[in-house]
Structures are given as structure tokens and as C-alpha cells.
Visitor: 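I am attaching a structure below and will ask some questions about it afterwards.
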Amino acid sequence: MQPETLDKSYEPAEVEARWYEFWEENGLFHADPHSGKPPYSVVIPPPNVTGALHMGHALNNTLQDVLCRYKRLAGFEVLWMPGTDHAGIATQNVVERQLASEGRTRHDLGREQFIERVWQWREEYGGRIINQLKRLGASCDWQRERFTMDQGLSRAVREVFVRLWEEGLIYQGDYIINWCPRCHTALSDLESEHEEVKGGLYHIRYPFKNGKGYLVVATTRPETLLGDTAVAVNPKDPRYRNLADDTVLLPLLGREMPIIRDEYVATDFGTGALKITPAHDPHDFEIGLKHNLPSIRVMDDNGAINAEGGPYAGLDRFAAREKVLADLEAKGLLEKKEDYLHSVGHCYRCKTMVEPILSKQWFVKVGPLAETAMRAVETGRTRIVPEQWNKTYFEWMTNIRDWCVSRQIWWGHRIPAWYCACGEVIVSRETPQTCPKCGGAELRQETDVLDTWFSSALWPFSTMGWPDQTPELKKFYPTSCLVTAFDILFFWVARMMMMGLKFMDEVPFKDVYIHALVRDASGQKMSKSKGNVIDPLIMMDQFGTDAFRFTLAAFAAQGRDIKMSEERIAGYRNFVNKIWNAARFTLMNLGGEQEAAPAQPLLEDRWIISRVNRTAAQVAQAIEEYRFNDAANLAYQFTWHEFCDWYLELIKPFLYGDDPARRAATQATLREVFSRVLILLHPFMPFVTEELWHKLPGAQGSVMRAQWPSGEEAESDPQAEQAMGLLMEVIGAVRNIRGEMGISPGQEVEVIWAAGDEAAARLLTSHQDRVLALAKAKSVRQASPGETPQKAASAPLGAVTVYVPLAGLVDFSAEAQRLDKEIAKAEKDLAASQKKLGNQGFLAKAPQEVVDKEKAKASEAQSKLERLKENLARVKSFM
RNA sequence: AGGCACGUAGCUCAGGGGGAGAGCGCUACCCUGACACGGUAGAGGUCCCGGGUUCAAAUCCCGGCGUGCCUACCA
């Protein structure tokens, strides 16, 4: 049979295109809820339908894929539930922009047609990110792909809304909310992102009604004075105990307003006098309620001053501010302006400055839900990894405020509430025909839709068919793990916890793994405006998906952000190529048939089998503990530096040699070990491993269906590992001498060794050919009894001393220098050990095994030092 | 204002009470029949500073300095 040949270097593009289709066609990602295997389930953090794959997605989904692919290999029935999120505001914005380019607005279309248009948009472009996830190799169960606006999920949303309403956990009311004047909708507190803004603190004179002077008020938002209905001072403030009057006149508008006294007012900030604008500030709103003040809303939905603002009506809020200030100045009412840095809310979708405005909205009462959600983490029903995030989670849950869930946009789940002319509000699963109170049939549905996160909060169970009792829910809920970045810990994780516990009576996930943020090479957050985004798709094109994924995994250390750089990806591209070439070598040297395992395994066989299994166990444990970087590095180190550097070199003589039995045995071990290497790399590098798996003669099916090497196969062989260790040390010593002496690679050397113990002697005697091959020696022999090779470089190892005769090769001063260096090292080691051993406290208090180890170290260093010194003396005698 | 991280090789970072590690970069030599996206050898570190705990501190504690992030209604 013609041995399979591979190209000299790996070309990812062509290979990657092939295998994804293969996996999907063969249903390898599909989860069977009736399987007898133990379940492992993950729900994808649904990306926005408007989204394009960025580094954050790439990391997030790579880690999930590593978990899922590993778990399949480890014998679990894995469900990775995929889908997208309808991203209400963002999607509406995108489609509105599209309309704008046609010179139209959504109002030209009307609600129905606009929504139709959004669905069209979704048909056309909504699959983009899904395809990009496929490109990344994500092994999601696409047959189950969901969308937060699809029918099933919409039913779940409605069910949840109605039940919360019935239990009094949803209410409607007038409160101060965050209003985005550009998106024309209310936002939740979370969606208002605070940013530092350079502003002013303006000191404004509010004249007393009786004309006897004025009260000075400090504010950062002078335009809101148009809506002031009082001025407040602290009753304890001596400055304001005896005021000239108890009524002031609102500057510019002349409205009479009371001076009220409230402990809320800080005496040490500004002037100690606070203007009260109940319709435009959350605290003022509270104070207004307490003191029965009227609320005057002076801004419209565009953030422009409305009719209540009198002469300022029609001005945009920023223009109004300028005008108000100018007019105050002109009237001598502006006392001073201080520069002031404060943080102001901005719309998380469009970055417009958010306006706190009094408005009627729907709210979820989160207190009771948060309580349960908090306890679930406290009691360990859900575990947050790394646990440092517990604190953040608890803090947020403790200080949580009611959640404004209504949005004044069109794209989303319309709130299932109807208004009757009689004033009745009907919340219902089905569209009501008549008012249950007055029997009227003229019902008007609420126009608001729900916050997108409301539907996302149900994701772990709504995607599995809830509110029906489905086999999927039975098998896969609660999910095993949620993988996400911390920036949506509150937005999403916390809310899923609340909803899962409320409606499933069970946590939505057992583990939450919180991974890092991906930054650019200098640690900056990537953003389009900074122009420092690294596009994952370009990286995949350039270096291959496997290299890219491996880089992400190798970087994913817990608790630290990732600084992505192309050089690093290039490094792992080289690793993929190394694997490719190891395969090339393997295939060139395997027969077509499956050879029997060696009857008499050699040291190399025993060693590499033991090592690959140990590595597989370590990689498995690292993945289980979410130490993705450790897992990747363990696989890397083993594959490159043990399998390639040592094992492949060690077996070449057998493969090229003329002992057919030995060759067949070696081939069998090589084939077996290489297939295990492919398995343990597969979670990280699905494409190249699948490709090579199929090239291996005798391979069955997909590597995805293979079994993770179990550590229990009784193939662990510490003795072989130790013996190989000594052999590697001896070879290393000769190589070191060669390198340091400047003996050229082409020049062969003699190697003579002396062993201090029987076992080492036996090992070296029977494996001299390995030293010969790997150290490029022309001969290897044991020193005769009593012989000390003269004119030789030497290296004292533990039980062995290695000599390399130098006569005629190099002059001895180089060896003297090398020995000097070695001596210095040994002396340092010895001194450190002796210092410890000379310390009575150490001997008395340190654990016995530490003391013993130290003693062994000292005597080893001592013996090494003596031999080095002897050698140096001998070398010098020839100089 | 509070909270959370992080300062370890030239760069990017692992590690985490008893032998300073990796990748990249660098130096020297080598196109050895898998691989120059490679091989062999090597150089390079006050583990931010100062105290403390301990027989023992890069590691734990306290205090600085520096950096990053998150939360927050003092107008």
C-alpha cells in the first residue's frame, strides 16, 4: 500500500472548509435527550443578530467549544444550545439607518410594516454571525438554533410576564427613568453607562420673594431649573436657619417656590442649597413625593425644552443650557462657575447622553428574586469561577433596584397588556376580547416592548422548550456551565439566575466561568473608534483557525485580561505546522496495515505511552478546572518537546533499521500515541486533528467520536519515565559539551561514561545506541574500572559522569571556562543548601521530607562540585 | 467615594511559603532522509519599594508607589 503523503506545510484554508460540513452532516453536534450517557450542557451567550464576530465572541466560543469537544471525548452527551438575540434597540437602529438611506423613517412605514422589514433584514443578514461561529469551529447543535423572537421563546416571555404580574412582581408606575433622546426609549439603569464628563458647577441666585436678597444654589444642569418646584436646605445647616423669606422666585420664569428643609441635602457640598426638580432627577423625585411638590416635566422625548419651559421651548437641552446661562448672566443671577468633573449616564447603544425623566413605565420588582439568586451562590448551588467575582455579584444583588423593562421601540416582545377605556389594565396570555371589568370591547394593546434582556434571562430554559415539559429540559437543565465575560454578569447572568430559580425552581447553571476581556497588544480595550480592533476573521484567514483558537486558549488564564498580538498567533501557527509535520513523518513511516502492539515494549514505548496518558489526564483536569491556559500549554509542551523532540528522534533508528519486528512494534506504538496526541489536541484544534485523524491508516470515523485516553489503563510507568530521564540527561550533557565547546554538528565525538550505581550502568549499557544517535557520537562506551578519561570534557550528573574526549577537537581553555561556570553554579547551590542546613530552626521545624530533600541536594551538589573540580584540575594540566 | 485586579527575563505573560518558568525576541552553530513555520546549545531576572509573620517570603499580612477596571444619586 502506498503510504499517505502530506504537503510539506499545513494549509488551513482548504482543510477547514471541508470538515465543518462533515461534522454537521453526520450529526456529530446533535444532542440526544434520550441518550444513556451523562449530560453536559451549555447555552451560548446569544450574540446580537446584528453582530459580527469580534475577539470577545471568538474567545468566549472557543472556550465553550473546548469544553464541549472535550466532554464529548470524555463520554458525555453534550448539548451546546446556540442562537441569537433580537437586540431590540440595536437592531431597530440598524434597520432605521437602512430606511434613512432611502429617505424614510419607521413612521412612514408604520409599526406592522416596520417589523416586517426587520424580519426581512434578519432573514438577509441575521445569519452572518452564525456563519462566523461555524467558521470558528463551534460545535453547536444547530438543529436546535433559537432566536429570542421566535415563536416558542415569545410564548415563554409572555408566560413569564403574566405570572410575574399576577404575583405582583411586575408593576406599572411613574418614576424617573433613563431616557435616551436619540433612541426614544427608556433604558434600565444598567443600560445607562456612566462616563466622566467635564462640566461646570454653576452657582445661581434664587431671589427671595420679599426682595431681601437671594439664596445661592449650585447645579450642574442649569437648564433643568425650568422644572424646579422648590429649593431645599438642610434643617441643621446654621447658614440657613434664619432665612429672610421662605419663598423664592425661580430665576427666568419667576415661579414662586417654597424653601423646604430636608436632611438629604449635604451641607458640605456646593452651597448647601439644592434646587429640586422632581421630574428630572431621581432624588428630587423622592424629595418631591415626600414634600408633596408638583412635578413639572420640561423636556420632550427629543430632549428639547417643551412648552413648560416658556421662552426656552423648542430649544435642544444643550442649547437651552447655554441660553439659560447667558440669560442668568445678563440678569446678574449667575454668581460663579466652577469646572466640575462628574459622571453622566450615556446610552449603551448610541452613546447619547441619557436624560433622567419622569415617565410611566413597567418595572420588575427584583428584591425577592435577587434574594433567592444570591442564596443560590452563597450555598454553592451555582459556583462562580474564579470566585473573586462572587463579591461583585453579591454587591450588585444587594444594591439592586427595580428593573425598568419597558422600551418605547417597536422591535421586541410587545408587552401583553391591554387598556380599556374604563381604566382597567388587563395583562393576559391570550389577546383579550372584552374588558373583564366593564365588558367593553375597545381594548388597546400597550405599545411598549420588553427589554431584550428580559427574554435573554429565560434563555437557559426557554430554548429547551419551556413552558412545556420537554425531554430536553429533563435531560439538560440545569445546564452544566455558563461561559461569559464579566461585562454581562449583571445584565444577563444575574437575571438568568433570578428567572431560572423563579420559574424552574432550579439554578440555570451549576458553574459560571467568567473569562477575560480581549484587549490589544498594549492593553487597550479594542474599539472601532480607536482603530485597534484585531478582526478574528482576518486572523483565521492569516494563521488558520486552529492556531487562532489555540492562542486564545493558551492566553485564557483566570483573572487576567488578554493582550492579543499577531506574533503570538504566528507562534501557534508554527505549532500547528509542527503537528502537521509530525504527522507527515508518522505517515511516511507507518505501513498501511495496523501493526500489533509490541510484545516486548522497549523503554521508548513504555515511556511515551506513560507520558501521553499522564498528559491527557493533566489536560483533562485543567479543562475541568477551567485552566484553559494550563491545558493548552501542557498539550503544547508534551507534543512539541517530548513527542517530537525526543520520541520521534529516538525511534528513527528503529524505523530506518533492518529489524522488521522492531519496526512493526515501533510503528504500532507510534500510531497509537500519535492518535492519542490528536485526541488531546482536538478540543483546541478541531480542524487539523480531524484532517490528520482521517489520514492515519486504519482510523475509524471522526476523531470527535474517539475516546479520551483514560489514565487508568495501567500504562503509567514511572520507572520508564525515570530511566528515560537519565538517558535524556546523558544525551543533554554531551550536547551541552558540544554546544559550549563549539564542536560542529558534523563532527562526531566519542562518549565515555562512568556510572556510580548498578541500575544506571545497566540502563546505559543497554541503551548506548540511543546516546550514539541523539548525541551524534561515533562511539559510546563505559569507562573501564578505574579509568578516568584524560584530555576530555566532562559532566557530572547524579549517578553518572559523562566524558567527551577533546583531544584534537578543541583546545582546553574552552573546557576550563565551561567548568568554571559549572563550578560557580554548583557552589551557589551548595552554599544555599548549607545555609539552610546550618539553621537549627530549619532542622527543628521544617517538615522531615523537606529537610531530607535539602540534605540530598547538598550532597549531590557536593559530589558534583568535587568531580567538577577534579576535572578542572585535570584539564588545566593539559593546557 | 467605595470595590476588584495587576506590577516576575527585552516584550507578552504563567506560577504562587522550601530548586526562578513559558512563548516570542536575542546570540552561536547547523538546510542531519517530518518540519528553517525547523534543529542543537546559550545569554538574560533586587520576582515594584518598605516593613511584618515564619526555621524559610517572589509567594502570606500591613503600608507605600504605579497601572487597569468596575460600581456609585452628593446637586
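Every chain is numbered from 1 and lettered A, B, ... according to where its sequence line falls, protein lines coming before strand lines.
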Visitor: Under a 3.5 Å cut-off for both distances, is B:C31 Watson-Crick or wobble paired, and to whom?
Guide: none
Visitor: Does A:Arg495 make a cation-pi contact with A:Phe490 (under 6.0 Å, within 45 degrees of the axis)?
Guide: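 No, A:Arg495 does not sit over the ring of A:Phe490.
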Visitor: Between B:G7 and B:G15, how far is it from one P atom to the other, in whole Å?
Guide: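 Each nucleotide's P atom is 9 Å from the other's.
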Visitor: Any idea which of B:G3, B:C55, B:G19 is nearest the A:Asn839 side chain?
Guide: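 When the side chain of A:Asn839 is considered, B:C55 is the closest of B:G3, B:C55, B:G19.
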Visitor: Has A:His194 got a side-chain N or O lying under 4.0 Å from the OP1 or OP2 atom of B:C73?
Guide: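 Answer yes for this pair, as a side-chain N or O of A:His194 is under 4.0 Å from OP1 or OP2.
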Visitor: At 4.0 Å (heavy atoms only), tell me whether A:Gly272 reaches a base, stays on the sugar-phosphate, or touches nothing.
Guide: base
Visitor: Base, sugar-phosphate alone, or nothing: which one does A:Ala218 contact when heavy atoms must sit under 4.0 Å apart?
Guide: base
Visitor: Taking atom types as modelled and ignoring hydrogens, do the side chains of A:Glu191 and A:Tyr348 form a donor-acceptor contact shorter than 3.5 angstrom?
Guide: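 Looking only at side-chain atoms, A:Tyr348 and A:Glu191 do form a donor-acceptor pair, the distance falling under 3.5 Å.
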Visitor: Whether A:His283 contacts B:A72 is assessed here as follows: a side-chain N or O lying under 4.0 Å from the phosphate OP1 or OP2. Is that the case?
Guide: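 So the side chain of A:His283 is outside the cut-off, no N or O lying under 4.0 Å from OP1 or OP2 of B:A72.
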Visitor: Mind checking if A:Phe674 touches a base, just sugar-phosphate, or nothing, with heavy atoms under 4.0 Å?
Guide: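 Since no nucleic acid heavy atom lies under 4.0 Å of A:Phe674, the category is nothing.
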Visitor: Using atom C1' of each nucleotide, how far apart are B:G39 and B:G33 to the nearest Å?
Guide: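 Going atom to atom, C1' in each nucleotide, I get 14 Å.
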Visitor: With both distances under 3.5 angstrom, what nucleotide forms a Watson-Crick or G-U wobble pair with B:G17?
Guide: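 Pairing partner, where one exists within any strand: none, as none qualifies.
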Visitor: So, is A:Arg568 close to the B:C24 phosphate, meaning a side-chain N or O under 4.0 Å from OP1 or OP2?
Guide: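 False: A:Arg568 side-chain N/O out of range (4.0 Å or more) of B:C24 OP1/OP2.
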Visitor: A:Asp645 side chain: which of B:C35, B:U12, B:U40 is closest?
Guide: B:U40
Visitor: Looking only at side-chain N and O atoms, does A:Asn736 offer a donor or acceptor that is under 3.5 Å from a partner on A:Arg818?
Guide: yes
Visitor: Distance between the P atoms of B:G23 and B:C65, in whole angstroms?
Guide: 37 Å
Visitor: Do A:Thr224 and A:Lys275 have a side chain donor and acceptor closer than 3.5 Å?
Guide: yes
Visitor: Please give the distance between the C1' atoms of B:C60 and B:G18 as a whole number of Å.
Guide: 14 Å
Visitor: In plain terms, say whether A:Glu854 and A:Lys836 are close enough for a salt bridge, that is, a side-chain N and a carboxylate O under 4.0 Å apart.
Guide: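 Salt bridge: yes.
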Visitor: Report the distance from atom CZ of A:Phe555 to atom C1' of B:A22, rounded to the nearest whole Å.
Guide: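 My rounded result for the distance is 11 Å.
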Visitor: Please say which of A:Val576, A:Val677, A:Ile579, A:Leu678 ends up in a side chain to side chain contact (heavy atoms under 4.5 Å, CB included) with A:Thr689.
Guide: A:Leu678
Visitor: Can you tell me which nucleotide in B:A34, B:C70, B:A22 comes closest to the side chain of A:Gln637?
Guide: B:A22
Visitor: Does B:G19 have its OP1 or OP2 closer than 4.0 Å to a side-chain nitrogen or oxygen of A:Lys857?
Guide: yes
Visitor: Scan A:Glu649 against the nucleic acid and name what it touches under 4.0 Å (heavy atoms): base, sugar-phosphate only, or nothing.
Guide: base
Visitor: Would you kindly give the CG-to-P distance between A:Leu274 and B:C74, to the nearest whole Å?
Guide: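 That distance rounds to 13 Å.
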Visitor: Under a 3.5 Å limit for both distances, which nucleotide forms a Watson-Crick or G-U wobble pair with B:G68, could you say?
Guide: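 Matched B:G68 with B:C4 under the 3.5 Å cut-off.
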Visitor: For A:Phe585 and A:Glu395, take the nucleotide of RNA chain B holding the closest heavy atom to each; which residue's nucleotide lies nearer the 5' end?
Guide: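 It is A:Glu395, whose closest nucleotide lies nearer the 5' terminus.
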Visitor: Select one nucleotide: of B:A72, B:C37, B:C24, the one nearest the side-chain heavy atoms of A:Tyr636.
Guide: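 Ranking B:A72, B:C37, B:C24 by closest atom to the A:Tyr636 side chain puts B:C24 first.
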Visitor: Could you work out the separation of B:G50 and B:G42 based on their C1' atoms and round it to a whole Å?
Guide: 37 Å
Visitor: Please answer whether B:G33 and A:Tyr656 are stacked, defined here as ring centres separated by less than 5.5 Å and planes angled under 30°.
Guide: yes
Visitor: Please give the distance between the P atoms of B:U59 and B:C49 as a whole number of Å.
Guide: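 My reading of the P atoms in B:U59 and B:C49 gives 10 Å.
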Visitor: So if I take every side-chain heavy atom of A:Ala266 and compare against B:A75, B:A34, B:C29, which nucleotide ends up nearest?
Guide: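 Looking only at heavy atoms from C-beta outward on A:Ala266, the closest nucleotide is B:A75.
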Visitor: Under a 4.0 Å heavy-atom cut-off, which of residues 735-742 of chain A touch RNA chain B?
Guide: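 Output list: A:Arg735, A:Asn736, A:Gly739, A:Glu740.
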Visitor: For A:Phe687, what residues pass the side-chain contact (heavy atoms from CB on, under 4.5 Å) criterion, not counting sequence neighbours?
Guide: A:Tyr10, A:Glu16, A:Trp19, A:Tyr20, A:Trp23, A:Thr545, A:Asp546
Visitor: Does A:Lys836 have a side-chain nitrogen or oxygen under 4.0 Å from the phosphate oxygens OP1 or OP2 of B:A56?
Guide: no
Visitor: Just how far is it from atom NZ of A:Lys8 to atom CG of A:Asn581, taken to the nearest 0.5 Å?
Guide: 8.5 Å
Visitor: Looking at B:C35, B:A14, B:A75, which one has an atom nearest to any side-chain atom of A:Asp630?
Guide: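 Of the options given, the side chain of A:Asp630 lies nearest B:A14.
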Visitor: Once you apply a heavy-atom cut-off of 4.0 Å, does A:Thr392 come out as touching a base, just sugar-phosphate, or nothing?
Guide: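 It contacts nothing in the nucleic acid.
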Visitor: Checking A:Phe550 now: which residues fulfil ring-ring contact (aromatic ring centres under 6.0 Å, His included) with it, not counting sequence neighbours?
Guide: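 Result, ring-ring contact (aromatic ring centres under 6.0 Å, His included) vs A:Phe550: A:Tyr572, A:Phe575, A:Phe684.
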Visitor: Which base sits across from B:A43 as a Watson-Crick or G-U pair, both distances under 3.5 Å?
Guide: none
Visitor: Respond yes when some side-chain nitrogen or oxygen of A:Lys8 is under 4.0 Å from OP1 or OP2 of B:A36, and no when none is.
Guide: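 For B:A36, OP1/OP2 do have a side-chain N/O of A:Lys8 under 4.0 Å.
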Visitor: Could you tell me whether A:Asn633 contacts a base, only the sugar-phosphate backbone, or nothing, with contacts defined as non-hydrogen atoms closer than 4.0 Å?
Guide: nothing
Visitor: Using heavy-atom distances to pick each residue's nearest nucleotide on RNA chain B, tell me which of A:Phe486 and A:Ala273 is more 5'.
Guide: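 Whichever sits nearer the 5' end wins; that is A:Phe486.
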Visitor: According to a strict under-4.0 Å criterion, is A:Tyr572 in side-chain N/O contact with OP1 or OP2 of B:C37?
Guide: no
Visitor: So, does A:Lys652 get its side chain near the phosphate of B:A34, meaning an N or O under 4.0 Å from OP1 or OP2?
Guide: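 Result: yes.
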Visitor: For A:Pro282, which contact category applies under a 4.0 Å heavy-atom criterion: base, sugar-phosphate, or nothing?
Guide: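 Nothing, no heavy atom under 4.0 Å.
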Visitor: Does B:G3 have OP1 or OP2 under 4.0 Å away from a side-chain N or O of A:Tyr393?
Guide: no
Visitor: Who is the Watson-Crick or G-U wobble partner of B:G25, with both distances under 3.5 Å?
Guide: none
Visitor: Which nucleotide wins on minimum distance to the side chain of A:Tyr264, given the candidates B:C55, B:A43, B:C73?
Guide: B:C73
Visitor: For nucleotides B:A36 and B:G21, find the distance between their C1' atoms and express it as a whole number of Å.
Guide: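 Looking at atom C1' only, B:A36 and B:G21 are 26 Å apart.
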Visitor: Quick one: label A:Leu648 by what it contacts on the DNA or RNA (base, sugar-phosphate, nothing), any heavy atom closer than 4.0 Å.
Guide: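 Here A:Leu648 touches the bases of the nucleic acid.
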Visitor: Are OP1 or OP2 of B:G3 and a side-chain N or O of A:Trp389 less than 4.0 angstrom apart?
Guide: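 Answer no for this pair, as no side-chain N or O of A:Trp389 is under 4.0 Å from OP1 or OP2.
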Visitor: Classify the nucleic acid contact of A:His280 as base, sugar-phosphate or nothing, counting any heavy atom under 4.0 Å across all strands shown.
Guide: nothing
Visitor: Watson-Crick or G-U wobble partner for B:G50, using a 3.5 Å limit on both distances?
Guide: B:C62
Visitor: I need the A:Leu225 CG to A:Arg321 CZ distance, nearest 0.5 Å.
Guide: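 Taking CG in A:Leu225 and CZ in A:Arg321, the distance rounds to 11.0 Å.
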Visitor: Say whether, by atom type as modelled, one donor and one acceptor occur between the side chain of A:Arg239 and the main chain of A:Thr271 under 3.5 angstrom.
Guide: yes
Visitor: Provide the Watson-Crick or G-U wobble partner of B:A9, both distances under 3.5 Å; none if there is no partner.
Guide: none
Visitor: What is the pairing partner of B:A36, taking Watson-Crick or G-U wobble pairs with both distances under 3.5 Å in any strand?
Guide: none
Visitor: Can you check the distance between B:C48 and B:A43, where both ends of the measurement are the P atom (answer in whole Å)?
Guide: 23 Å
